[in-house]
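Nothing fancy with the numbering, it's 1 onward along the sequence.
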Amino acid sequence: MGSLKTEEDLKVSNEAILYVNGVRRLLSDGLAHFTLLEYLRDIGLTGTKLGCGEGGCGACTVMVSQYDRILKKCSHYAINACLAPLYSVEGMHVITVEGLGSCKRGLHPVQESLARAHGSQCGFCTPGFVMSMYALLRSSQTPPSEEQIEECLAGNLCRCTGYRPIFDAFRVFAKTSNDLYTGVSSLSLEEGKSVCPSTGKPCSCNLSNTNDKCVGGDNGYEPTSYNEIDGTKYTERELIFPPELLLRTPTSLNLTGFGGLMWYRPLTLQHVLDLKAKYTDAKLLVGNTEVGIEMRLKRMPYRVLISVMHVPELNVLGAKDDGLEIGAAVRLSDLMNFFKKVVTERAAHETLSCKAFIEQLKWFAGTQIRNAASVGGNICTASPISDLNPLWMAARAKFRIIDAKGNIRTVLAENFFLPGYRKVNLASGEILLSVFLPWNRTFEFVKEFKQSHRRDDDIAIVNAGIRVHLQEHSENCVVADASIFYGGVAPYSLAATKTKEFLIGKNWNQDLLQNALKVLQKDILLKEDAPGGMVEFRKSLTLSFFFKFFLWVSHQMDSVKESIPSSHLSAVHSVHRPPVTGSQDYEIRKRGTSVGSPEVHLSARLQVTGEAEYADDTPMPPNGLHAALVLSKKPHARIIKIDDSEAISSPGFVSLFLAKDVPSDNKIGPVVADEDLFAVDYVTCVGQVIGVVVADTHENAKIAARKVIVEYEELPAILSIRDAINARSFHPNTEKCLSKGDVDHCFQSGQCDRIIEGEVQMGGQEHFYLEPHSTLIWTVDGGNEVHMISSSQAPQKHQKYVSHVLGLPMSKVVCKTKRIGGGFGGKETRSAFIAAAASVPSYLLNRPVKITLDRDVDMMITGQRHSFLGKYKVGFTNEGRVLALDLEIYNNAGNSLDLSLAILERAMFHSDNVYEIPNMRVMGRACFTNFPSHTAFRGFGGPQGLLIAENWIQRIAVELKMSPEKIREINFQGEGSILHYGQIVQYSTLAPLWNELKLSCDFAKARKEVDEFNSHNRWRKRGIAMIPNKFGISFTTKLMNQAGALVQVYTDGTVLVTHGGVEMGQAASASSDMYGAAVLDACEQIMERMEPIASKHNFNSFAELVGACYAERIDLSAHGFYITPDIGFDWTIGKGKPFRYFTYGAAFAEVEIDTLTGDFHTRVANIFLDLGYSLNPAIDVGQIEGAFIQGLGWVALEELKWGDEAHKWIPSGCLYTCGPGAYKIPSVNDVPFKFNVSLLKGHPNVKAIHSSKAVGEPPFFLASAVLFAIKDAIIAARSEMGHNEWFPLDSPATPERIRMACLDELLSSFVNSDFHPKLSV
């Protein structure tokens, strides 16, 4: 055994075969560094998207089919193509979204259902959702349940839809609806009916859709409509597993990749051992879910990779008399299914460890990761926050380890993980062979615990595996043995050894609990500057988990059960999450054939098939180059030297361009030119662009850029709003003031019964559009003209920036944007400097250049929603009427002004929300800080101003012991109210909206039920809130309120509309108001010209009329123009009319929190919005839902952590949360259980096209109802300890902030009642 056999003896092959969508592909040698995603996109299958590159978003999901020669069956499962090494799928069949259906040959039912249910908006994430659902159907022997469907989507993120329409689309495939599986076809449906995507039952709700037919090609395929396919027949169209792969004998692989990388795929254990003996530093992998991240993000230079996926000895999975044997290469999804099977076959007490693993695996990453990751990989990675390792240790698991000579030794799991970061008890040449998990004994209890920022697909903040073995002695239960292991509190999974020793031999009772908690607090120690921060929260979780474990065990022991108050059992009752349900209530007011109708948007079918093209999908032209940015690593420093000597010798390197190479002006900016395209002498933030490298490939460009060495002289940095205030660090000319009445006199005159002062701070928010910034730029006419395709919300800004830095007239610069994969403001200005940087090498080298940012770089350099600090002073009467407000607002603008002043101004305009305030003064400043410039984000400052207002409203309620809803009602503005900037309120619909919302949620009953629940549950609390909203519609910069459109009618009757709006999945918006009106103007001009011809004859079609007009030489092209009337604002006097009209809304939310961990669920969300007569109610509802879920992320989930005074463990000025691994947007599990949206009926908007109202931004703030419902629940928790005073709750209200605000006996020993978790502001 020990000698490395020759390749001939081992039948090693360097021929790799792969099938993609039924097509045989021969993989050449030299591609070991390629991921499956890179390969697919290189061969033109661009439906599979690159969203994050770390398996965190699901945009790259594909289905893999492989044949199991032992079980003699095919398995189908979803994986992340961005992590899968290309050679890892050798001998398999990969199906991408293009393999399901297309607009020419017909859509697959999964695709058709998603399109019809309005389940796509920007569409970038859509192929990933389609493939996750498709893989579930292909892998299911019976129709999946609704819970299984939601679970299969846990690894897919969407930033647009709010997920509800996706659920509805896929719900028809659940076994609750038999229509798709019992032979109900279109022939048995009544005429004019189809299967409803919402209910799965025959209905006529889709009759109004006129865009549901795909254009047939001439390839013989017939377009297929959803109601023409029944569920029993859809498999007839599926791609089969290729017969060649069934018959092919597997061979070992020995292949190579870039930079000397070697890839081995052994088929026997001995071959693995021989390779490991030869290459002691080789990395063994199955799914590459950890090694891939290490190589890409941590840049670990592994040179030898050994794929052990196909080694039979490492894939053992079986039950024995004394326990389970689990091979090291077993995939986690297979392990989970095996545990579920075992639980049904063995005695209940024997499988408590299995049940704990099932629960922990449910929240372990997403489905795609579990389908790829292996047991051994997770163990040997030895992550300090591994969810499974504390459980292996607690459950008395044993690890079997084998060396190159075949010697096997057994190590207890608790002895396998050594002190230190990622150190394990494996000698050189040894590998983990298998895991042995013993059955549990009678009265042996094992339980898992985990708390993370987000439940689905998130790493733990703290996790634990806890076990106790009890023995009954007379009337007592005595601890015979115990294990307590924590993750997330040390560089390795840590044993609470002193606590274990204390427990053994003690009676299991309340005294044991109280004393054990004291021991545990000293047993698990965290330093104040511990990496990861949140020290107090993590301490609290160690205590909370043990407390929960004690109650859980006690509840199952009759001798102890009676001593536990029934209200305390809420600590151990897990929340059952029902399938999401929702209602969408609106009236249809049709104008013409489509306006006002709930039509499917025109790109939907292109999006669900992967045929919709985005910027990075554009094929690279011949001779093209890839660009990567050279970025600052310091927040504030003088540049001493730039050394490119290493970069020049890097493979594929072409050139480096710096400030001195810019052809014209290096100064740029959307309003004020106050930033450098390339840094000159100083850098003022981490991530500032110093230069751009171009090379032959994307990867080579990044490698070369990293080799450019910059020498710095560090300077003091300003890293928070408070730092800026103390240093008087403000952007020039940004001090603004709005006032009404006499604030000072009101405070001094005695009119106010009470005056309160306070502060409100809120963190920023990452846009997290699924499509990263991307631009392809090339020269035309010998370099005298420049064209580009960009992912941009504002192509004109790209045109302007590029012409400016190159010194070309704007007429010689063309920017095209077909569509973008999400923007939310993040691609309004901050995409332009990226295009400008790429334009310099393209122009100077006269070659095409493509730049696509990696997700971590995108998040680090392009700015976010502004963090804000508000300082308020409010005077009010004892009845709750507000008399005066004095407010200072500061935003964190970053290192350039960008749009920060306009964002500050909108925050100031919205700082009254819907409240009548007779005396009001608002001061605002934009702070200069050493962070990347922050920028536009949905709401554009409005939500921050509104949130400050709702905070002081809530505080008034606490001061007066009144309900916040009552305080709100008392202070509502009405028709004719004069706002603090001089505008008069007209056409207010606040009162009917508010009243309808109160009726819909039966607020009084909801309040009573919540109070009743809270009185019976000590450790779980519910809260409710109702929040109103008034959002001004118009750009506050007057010149932006203009729009042009060109309408051209072709002789076949088709029409081309050209306008300045960008397709990004949005419904009605300020752009709809303006460009819609401009298009209408053009159409009316053409119709007026056609009228004389139309009046003379009866034409059978519009095409006939067009032909007749053309024959008469009628001009069938018109330019329309529109300016928003009756708006304007004068900042010199602080008065004017900045908004054309207001969109009103209101929302109710009910939440339930776990006071011991800070976890929460949104149980109910009811939303009412006044959108006049909706242009498309289905799409408008989608916008409301998407905005609400995005807003929920802002107020409760998404926390940006910067290297500042609050986070000293992060390098100064650096963004820690720069990817989906650390930054958590809402997932499918965060959608309210009941999610209801209603549009106010009978209130047309007289001030916009077709009586509609903009919907894109106004609903975002309504999610603050969730924040204030959380606060309501925390109030109930604090009252249990006698704390009824007001307290601040910063946004986002993460689990840390919720838990630390819920004062109780566990917290009181180490934090004060006024403890305030840290926040980057």
In this structure, is the centre-to-centre distance between the rings of Tyr1216 and Trp1209 below 6.0 Å? yes

Are side-chain N/O atoms of His453 and Thr1294 paired as donor and acceptor at under 3.5 Å? no

Can any side-chain N or O of Tyr712 pair as donor or acceptor with the backbone N or O of Lys633 at less than 3.5 Å? yes

Pair Phe824 and His767, ring centroids less than 6.0 Å apart: no

Ion pair present between Glu1150 and Arg1163, side-chain N to carboxylate O less than 4.0 angstrom? yes

Taking the six-membered ring of Phe730 as reference, does the cationic atom of Arg925 (NZ for Lys, CZ for Arg) lie under 6.0 Å from its centre and within 45° of its axis? yes

In terms of side-chain heavy atoms, does Ser540 have a donor or acceptor partner in Glu536 at a distance below 3.5 Å? no

Any chance the side chains of His1316 and Asp1290 put a donor and an acceptor closer than 3.5 Å? yes

Flag side-chain contact, heavy atom, 4.5 Å: Cys1218 against Tyr1223: no

Quick one, Val575 and Arg1020 - any side-chain contact, counting heavy atoms below 4.5 Å? yes

What distance do Leu541 atom CG and Phe546 atom CZ have between them, rounded to the nearest 0.5 Å? 15.5 Å

In terms of side-chain heavy atoms, does Asn930 have a donor or acceptor partner in Thr684 at a distance below 3.5 Å? no

Could you state the interatomic distance from OG1 (Thr1217) to CE (Met860), rounded to the nearest 0.5 Å? 12.0 Å

Angle between ring planes, Phe547 versus Trp1019, binned at 30° and 60°: parallel, tilted or perpendicular? perpendicular

Is there a donor-acceptor pair closer than 3.5 Å between any side-chain N or O of His934 and the backbone N or O of Leu899? no

Looking only at the side chains, is there a donor atom on one of Arg722 and Tyr890 sitting less than 3.5 Å from an acceptor on the other? no

Take Ser900 and His866 through the test side chain to side chain donor-acceptor pair (under 3.5 Å) and record every step on the way to the result. CA-CA 8 Å; Ser900 298; His866 293 66; 2.7 Å; yes

If the threshold is 4.0 Å, N to carboxylate O, is there a salt bridge linking Arg422 and Glu290? yes

Without hydrogens or angle criteria, can the side chains of Thr829 and Thr935 be said to hold a donor-acceptor pair below 3.5 Å? yes

Between Asn895 and Ser933: side-chain donor-acceptor atoms closer than 3.5 Å: no

Distance check, rounded to the nearest 0.5 Å: Ile1027 atom CD1 versus Leu1262 atom CG? 9.0 Å

Between Phe1260 and Arg865, is there a cation-pi geometry (under 6.0 Å to ring centre, at most 45° from the normal)? yes

When you measure from the side chain of Asp458 to the backbone N and O of Arg454, does any donor-acceptor pair fall under 3.5 Å? yes

Before you tell me yes or no, could you show the steps for Ser1320 and Asp1204 under side chain to side chain donor-acceptor pair (under 3.5 Å), namely the whole-Å CA-CA distance, both residues' side-chain angles and the distance that decides it to 0.1 Å? CA-CA 7 Å; Ser1320 289; Asp1204 53 22; 2.7 Å; yes

Determine whether more than 12 heavy atoms belonging to other residues, nucleotides or ligands lie under 6.0 Å from atom NZ of Lys522. no

Is there a side-chain contact between His1161 and Val1151, using heavy atoms and a 4.5 Å cut-off? no

Considering only NZ, NE, NH1 and NH2 on the basic side and carboxylate oxygens on the acidic side, decide whether Asp457 and Lys1224 come within less than 4.0 Å. no

Is there a side-chain contact between Phe1261 and Gln944 (heavy atoms, below 4.5 Å)? no

Can you tell me if Asp858 and Tyr769 form a side-chain donor-acceptor pair at under 3.5 Å? yes

Distance check, rounded to the nearest 0.5 Å: Lys539 atom NZ versus Leu526 atom CG? 7.0 Å

Is any side-chain N of the basic residue among Glu1205 and Lys1208 closer than 4.0 Å to the acidic one's carboxylate O? yes

How long is the gap from OG on Ser911 to OH on Tyr872, to the nearest 0.5 Å? 14.0 Å

Can you confirm whether Glu528 is buried at CD, in the sense that more than 12 heavy atoms of other residues, nucleotides or ligands lie under 6.0 Å from that atom? no

Strictly by modelled atom types, are Gln864 and Gln765 linked by a side-chain donor-acceptor pair under 3.5 Å? no

Heavy-atom side-chain contact between Ile1210 and Trp1202 under 4.5 Å: no

Nearest heavy-atom approach of Gly56 to Leu157 is O-CD1, 3.3 Å

Determine, for Phe768 and Arg855, whether the Lys NZ or Arg CZ falls below 6.0 Å from the six-membered ring centre while staying within 45 degrees of the axis. yes

Could you pull out the closest heavy-atom pair between Glu1305 and Met1281, with the gap in Å? N-CE, 3.9 Å

So does Glu1285 get a backbone contact from the side chain of Arg1278, meaning a donor-acceptor N/O pair under 3.5 Å? no

Residue pair Asn892 / Thr929, side-chain donor-acceptor N/O under 3.5 Å: yes

Could you check whether Phe1287 and His1283 have their ring centres less than 6.0 Å apart? no

How many angstroms lie between OG in Ser452 and CG in Asp1159, if you round to the nearest 0.5 Å? 7.5 Å

Checking Lys1021, Arg1018, Arg1022, Lys548 against Asp1154 for salt bridge (charged side-chain N to carboxylate O under 4.0 Å, His left out), the one that qualifies is Lys548

Sub-4.5 Å side-chain heavy-atom contact between Glu1198 and Pro1292: no

Gln451 side chain to Asn463 side chain, donor-acceptor N/O pair below 3.5 angstrom: no

If the test is side-chain contact (heavy atoms from CB on, under 4.5 Å), which one of Asn891, Val1321, Leu947 qualifies with Phe868? Asn891

Quick one about Lys1271 and Gln954 (side-chain donor to acceptor, distance below 3.5 Å, no hydrogens or angles considered), yes or no? yes

For a quick test of reading the model, state the closest non-hydrogen atom pair linking Leu1267 to Ala1293 and the distance between them. CD1-CB, 3.6 Å

Using side-chain heavy atoms (C-beta onward) and a distance below 4.5 Å, is Lys871 in contact with Leu887? no

